[in-house]
A.B. asks: 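Input: one structure, supplied below.
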Amino acid sequence: MTQAVQAYSYAGPSTLTDGRLGLSTSGGTALSGPQTHPRFFSGLLTHAAPAAAGLLAVADVALARYHQPRPGWTRDPVVTCDGGRLRFESFSACGGVYARLDVLELDGDVLDRGTTNVDVNGPLRESLARVGGRDPLHLGVGPDELTVTTLDGAVVEKKVPLPSRWLRGFAEVQVIASGWDLRAELAGPHAVRFLRSLPKGARSTVWAVPSGRDLRVASGPARGPKTGAVCLSGTGRVATLLPLLRFAKALRVYGPADGSSTASAWELELPGMRYTLAVSPEPWRGFSGEGAVLSDLATDEAADDADVVGMLLNFEPTVELGLLADRSGLAIERVRAALTQLGTAGRVGYDLHEAAHFHRELPYDRDQVAELNPRLTAARALVDSGAVRLLGETAEVTTDGGVRRVRIADGECTCPWWFDHRGSRGPCKHVLAARIAARVAVEVAP
């Protein structure tokens, strides 16, 4: 597993003092251009306690390693300001849990739009845990001249190893989530009762089955094609929902309508904000290996289309596919593939509640996200080496392990990867290679 080291540089530590929460920012991207310490927002959050608890929950996910827990590095949350809201995002160290807090009600000055990391340190965690009552909380995202007199003072430096699978997870989860539907919605009291009824074991797997206006816990999916059952693999991975239950107005559960995956998303509606957790199909299985992005990335025009679509992104609250298609002159399918390409560089996320993509720019070095899909890299190498022999609707791919026979349209292969996963984790490198070679053959045909 490859990994790189990301360096965060903050003008000072984030603090919470006398009702003023100052979140220190590291390098990021704003509409005004690259910034060393971007300043996005200064104003009030009218719901202080749920905001503090939600931010702490996002930070706790970044610190956690749900599979084989052990002490490790914490990764600071990512924050995006789109003018109307703040989105705080994080990924667990094991790459199997994605968390996002959307703060929807801002009362103050939006100073810029963009994305950066925010410092969440030990003392700040302790302060956030003590926030209570209904008093408003003043929030500053970025250095505030009222509280930070100089940027030449105490500088906080953090160097954090970022595994490639952690970065790939941001791309995979937005593609996977875009295929999910709302499966159930519970009012606050029902949500509290259901979540507190879950088994405490971190690795327990249950199914949430709709039952009237409630959900019941089952050991497997109910019989029938339209039960609406959603799998929660590893109940301990939604533990950060529990401290937020005292604020919960509703719980929404998302998953694949066809039951094709045991991944799911759990969204708590809070006063003025939403907290969302997406969990991978198994506790030991991170989002990075799902392969959902590979089919889109394998198209020849995806990179060029991504350049066109990327120039049209403007940190808007939602990215509308139809509008992008009109502006770019591309078909909807190509816009969607371009968004997948942009997602591999951390430039696009997906909001299940809005059923729409959103623009962000992960503040990581471009070199770290350049080679994050080894299956696709291997497939292109097979094509370049002449290992693919096209036979109409099938192909033979010669590898060191023997000849693999591929059914191109169905995405089936005779390799061990396909027999193990049957397409549930995206196409294997042989299928990808055959499809790439087939497209090249069409393009060069007279």
Side-chain angles (χ1 to χ4, degrees), residues 78 80 82 85 87 89-91 95-100 102 115 167-185 228 230-231 252-267 274-281 285-299 301-302 305-306 309-310 312-313 315-325 328 330-362 369 372-373 376 411 423-427:
V78 172
T80 298
D82 61 22
R85 73 190 72 184
R87 299 182 188 269
E89 299 177 89
S90 69
F91 238 96
V97 178
Y98 165 79
R100 191 178 73 248
D102 296 329
T115 309
L167 293 173
R168 289 204 309 272
F170 271 102
E172 293 284 350
V173 75
Q174 61 95 10
V175 176
I176 295 170
S178 66
W180 292 347
D181 296 324
L182 177 65
R183 311 301 290 158
E185 182 170 359
V230 174
C231 183
R252 300 181 187 93
V253 185
Y254 301 86
D258 59 0
S260 58
S261 172
T262 51
S264 58
W266 305 75
E267 175 189 277
R274 290 190 294 266
Y275 179 69
T276 304
L277 281 179
V279 296
S280 65
R285 183 169 156 185
F287 279 107
S288 62
E290 293 306 288
V293 304
L294 295 175
S295 294
D296 284 342
L297 296 185
T299 63
E301 66 272 8
D305 290 350
V309 172
L312 300 175
L313 299 178
F315 291 107
E316 296 170 339
T318 59
V319 174
E320 298 182 18
L321 292 180
L323 186 59
L324 280 179
S328 64
L330 301 173
I332 289 287
E333 294 76 14
R334 289 179 61 176
V335 171
R336 187 176 288 110
L339 289 175
T340 302
Q341 180 83 30
L342 293 169
T344 64
R347 301 187 62 192
V348 173
Y350 190 81
D351 188 328
L352 280 159
H353 187 87
E354 304 283 353
H357 294 83
F358 62 89
H359 178 203
R360 56 131 139 81
E361 300 275 348
L362 287 186
V369 297
L372 295 183
N373 292 285
L376 183 57
S424 65
R425 302 189 71 176

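The shown structure was predicted, so the numbers you read here are calculated from the model rather than taken from an experiment.
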A.B. asks: In chain order, what residues pass the ring-ring contact (aromatic ring centres under 6.0 Å, His included) check against Tyr98, with sequence neighbours excluded?
C.D. replies: Phe91

A.B. asks: So, using salt bridge (charged side-chain N to carboxylate O under 4.0 Å, His left out) as the criterion, who are the partners of Arg274 when residues are at least two apart?
C.D. replies: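 Checked Arg274 against salt bridge (charged side-chain N to carboxylate O under 4.0 Å, His left out); matches are Asp351, Glu354.
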
A.B. asks: Kindly give the heavy-atom pair with the smallest separation between Val309 and Ala338, and that separation in Å.
C.D. replies: CG2-CB, 3.8 Å

A.B. asks: Ignoring hydrogens, what is the shortest heavy-atom contact between His359 and Arg347? Give both atom names and the distance.
C.D. replies: CD2-O, 3.3 Å

A.B. asks: Can you give me the closest heavy-atom contact between Trp180 and Pro256, atom names plus distance?
C.D. replies: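 Of all heavy-atom pairs spanning Trp180 and Pro256, the closest is CD1-N, 3.4 Å.
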
A.B. asks: Counting only N and O atoms by type, is there a donor-acceptor contact under 3.5 Å from the side chain of Arg87 to the main-chain atoms of Phe358?
C.D. replies: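 Not a single qualifying donor-acceptor pair exists.
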
A.B. asks: When rounded to the nearest 0.5 angstrom, what distance separates CD in Glu320 from OG1 in Thr318?
C.D. replies: 5.0 Å

A.B. asks: Is there a side-chain hydrogen bond (donor to acceptor under 3.5 Å, both in side chains) between Ser264 and Trp266 once you walk through the steps?
C.D. replies: CA-CA 7 Å; Ser264 58; Trp266 305 75; 2.9 Å; yes

A.B. asks: Which atom pair, heavy atoms only, marks the closest approach of Tyr275 to Ala99?
C.D. replies: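 Taking Tyr275 first and Ala99 second, the nearest heavy atoms are OH-CB, 3.9 Å.
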
A.B. asks: Please step through salt bridge (charged side-chain N to carboxylate O under 4.0 Å, His left out) for the pair Glu89 and Arg100, ending with a clear verdict.
C.D. replies: CA-CA 4 Å; Glu89 299 177 89; Arg100 191 178 73 248; 5.1 Å; no

A.B. asks: Under the ring-ring contact (aromatic ring centres under 6.0 Å, His included) test, which residues partner Tyr254, sequence neighbours left out?
C.D. replies: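 Once residues adjacent in sequence are excluded, Tyr254 has no partner under the ring-ring contact (aromatic ring centres under 6.0 Å, His included) criterion.
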
A.B. asks: Quick check for you: to the nearest 0.5 Å, what is the distance between Asp102 atom CG and Thr80 atom OG1?
C.D. replies: 10.0 Å

A.B. asks: In Å and rounded to the nearest 0.5 Å, what is the CG to CG distance from Leu324 to Asp305?
C.D. replies: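 Those atoms lie 11.5 Å apart.
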
